[in-house]
Amino acid sequence: MRMRIQKTFEALFALEEIRELFRTSLPTGFDLEEEAAFHRQIAELRTIVADLEAGTGSPRVAKIAGTIDLRTREEQFINIQPIQAAGRLTVEARKALISYGDGYSTCDACRKPFRLDKISKPGIAEFHEDLAKFVNMDQARVVPGARRGFQAVTGTLVEKGDSVIVSALAHYTEFLAVENAGGIVREVPLNENNIVTADATAQKIEKVEWETGKLPALMMIDHFDYQFANEHDIAGIGKVARQYDIPFLYNGAYTVGIRPVDGKKIGADFVVGSGHKSMASVAPSGVLATTDEWAAKVFRTTAMVGDLTSRMFGIKEVEMLGCTLMGGTLLSMMASFPAVKARTLKWDDEVKNSNYFIDRLLKIAGSKVLSEYPRKHTLTKVDTTGSFDTVARTHKRRGFYFSDELSSRGIVGEFAGATRTWKLNTYGLNERKIRYLADAFAEIAEKYEIPVAP
Ligand SMILES: *Cc1c(COP(=O)(O)O)cnc(C)c1O
């Protein structure tokens with residue numbers, strides 16, 4: 001690891017040690033011993049900072065709590081890991097995490113009626129309103145991951161034995177959310193281009209009604225799926241949902257937070273997004289937004305009464321189990337939000353970068369792209385069976401030669417050892433990094449005498 005990165009972490013940790021002195025001392029200030037410890041630690045910090053500036057010294061901290069490695073992947077490398085790219089924290093989110101890392105840190109100024117989304121200091125209530133506007137819906141709640149958003153909706157709408165329409169590329173968490181509610185998934189088949197169309201969706205609905213005598217209780221469709229990141233006909237599917245009067249959940253795990261999403265225009269009854277996948281937030285975080293009409297149902301409040309004590313918890317929402325993200329997760333989401341809003345307006349640049357990289361990859365003889373092309377997303381499934389895999393077949397490191405070559409150039413996140421079909425995500429890489437990435441792939445190809453077109 002570059003010594004300056006190591007020393008940056010050591011300096012941050014040294015400051016946390018100093019912070020700990022404030023936490024263990026009396027509110028009136030340090031006693032003599034604490035004062036001495038403080039000066040000792042400041043001196044240590046100065047040494048670290050001197051090493052940081054000069055890039056000198058040797059690593060003094062190898063582990064956290066004796067067992068946990070430092071995670072420096074985002075500082076040391078270009079990370080093209082498919083699910084990590086847009087969940088990388090902004091610097092403001094990292095500050096929020098430092099500041100609000102303590103357990104129930106959101107609850108300092110929680111006042112009656114005691115619910116997370118009503119807290120105004122910090123501005124959590126306002127953030128909820130902003131979130132709803134951001135995806136053009138009426139109301140929103142933060143949830144611990146997109147999956148918990150699906151679960152709140154299936155828990156509300158799906159009865160035992162009900163059918164739920166999903167796509168043949170649906171994420172496993174959609175299956176599980178349906179299963180958890182006692183429902184049955186019914187998958188819409190893909191067309192020859194691996195796209196879910198409105199027609200295919202309507203046909204599947206007809207088929208389900210024919211077979212079960214009932215319309216599906218819910219439709220959950222991904223705008224961009226997790227396997228190819230192909231764009232599905234979400235607006236057309238929204239219309240179909242209207243025609244059959246089936247509630248429609250728009251799965252924006254790979255859209256909300258990276259490109260504009262307009263829930264009303266799509267005709268969605270629910271919009272679900274993932275904080276840790278696409279909103280530069282700490283896991284587990286996400287958003288569930290809905291219309292006023294559906295909010296009354298999916299955000300219904302408790303009616304339960306204790307049989308001994310007659311206690312009731314009036315305003316607590318059943319599907320949210322009261323409160324959801326009560327600490328650093330939510331504050332990281334809030335701190336990233338201004339940057340997240342702004343970056344959705346630059347989505348075209350991200351797509352351009354994605355296509356630049358894929359075009360360069362396709363110049364390496366034998367390489368293919370399995371996702372729709374040209375790309376409309378930064379996540380792409382590629383097939384390098386005809387290029388990089390030809391080397392793996394005889395290399396003593398097999399497919400790992402490719403990971404070795406990439407990591408020696410400071411690139412990580414491809415599935416280690418995979419040289420046939422694999423996914424990568426270029427989200428958030430600036431033009432310099434995109435060029436560097438494309439050059440690195442071309443260089444590796446040339447090194448192993450795979451032809452590269454000019
Ligand atoms: C990642 C992903 C999910 C799950 O998101 P979480 O926020 O981790 O629950 C759901 N659906 C799709 C399409 C995804 O890509």
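Excluded from the calculations below are hydrogen atoms, water molecules and symmetry mates; all remaining heavy atoms, backbone and side chain alike, are included. When a ligand or atom number is given, it counts from 1 through the structure's own listing order.
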Where the closest heavy atom to atom 6 (P) of ligand 1 is concerned, which of His276, His171, Met220, Gln151 has it? His276

Give the numbers and elements of all ligand 1 atoms closer than 4.0 Å to a heavy atom of [X].
{"X": "Thr173", "value": "3 (C), 4 (C), 10 (C)"}
{"X": "Gly145", "value": "7 (O), 9 (O)"}
{"X": "Tyr254", "value": "15 (O)"}
{"X": "Phe150", "value": "10 (C), 11 (N)"}
{"X": "Tyr226", "value": "15 (O)"}

Heavy-atom nearest neighbour in the protein, as seen from [atom], with distance rounded to 0.1 Å:
{"atom": "atom 2 (C) of ligand 1", "result": "Lys277 NZ, 2.4 Å"}
{"atom": "atom 5 (O) of ligand 1", "result": "Ala146 CB, 3.5 Å"}
{"atom": "atom 9 (O) of ligand 1", "result": "Arg147 NE, 2.7 Å"}

One thing to verify: whether [Y] and [X] come together as a salt bridge, which I'm taking to mean a side-chain N less than 4.0 angstrom from a carboxylate O.
{"X": "Asp138", "Y": "Lys264", "result": "yes"}
{"X": "Glu319", "Y": "Arg300", "result": "yes"}
{"X": "Asp108", "Y": "Lys121", "result": "no"}
{"X": "Lys214", "Y": "Asp162", "result": "yes"}

Do other residues, nucleotides or ligands put more than 12 heavy atoms under 6.0 Å from the CG atom of Asn430? yes

Mind checking whether Asn251 contacts ligand 1 via backbone (N, CA, C, O), side chain (CB onward), both or neither, at a 4.0 Å heavy-atom cut-off? side chain

Plane angle bin for Phe402 and Phe441 - parallel if under 30°, tilted between 30 and 60°, otherwise perpendicular: perpendicular

Do Arg435 and Tyr356 meet the cation-pi criteria used here (NZ or CZ under 6.0 Å from the six-membered ring centre, within 45° of the axis)? yes

Kindly confirm or rule out a cation-pi arrangement of Lys341 over Phe134, judged by NZ or CZ under 6.0 Å from the six-membered ring centre and within 45° of its axis? no

Please confirm whether Asp225 comes under 4.0 Å of ligand 1, counting heavy atoms of the residue only. no

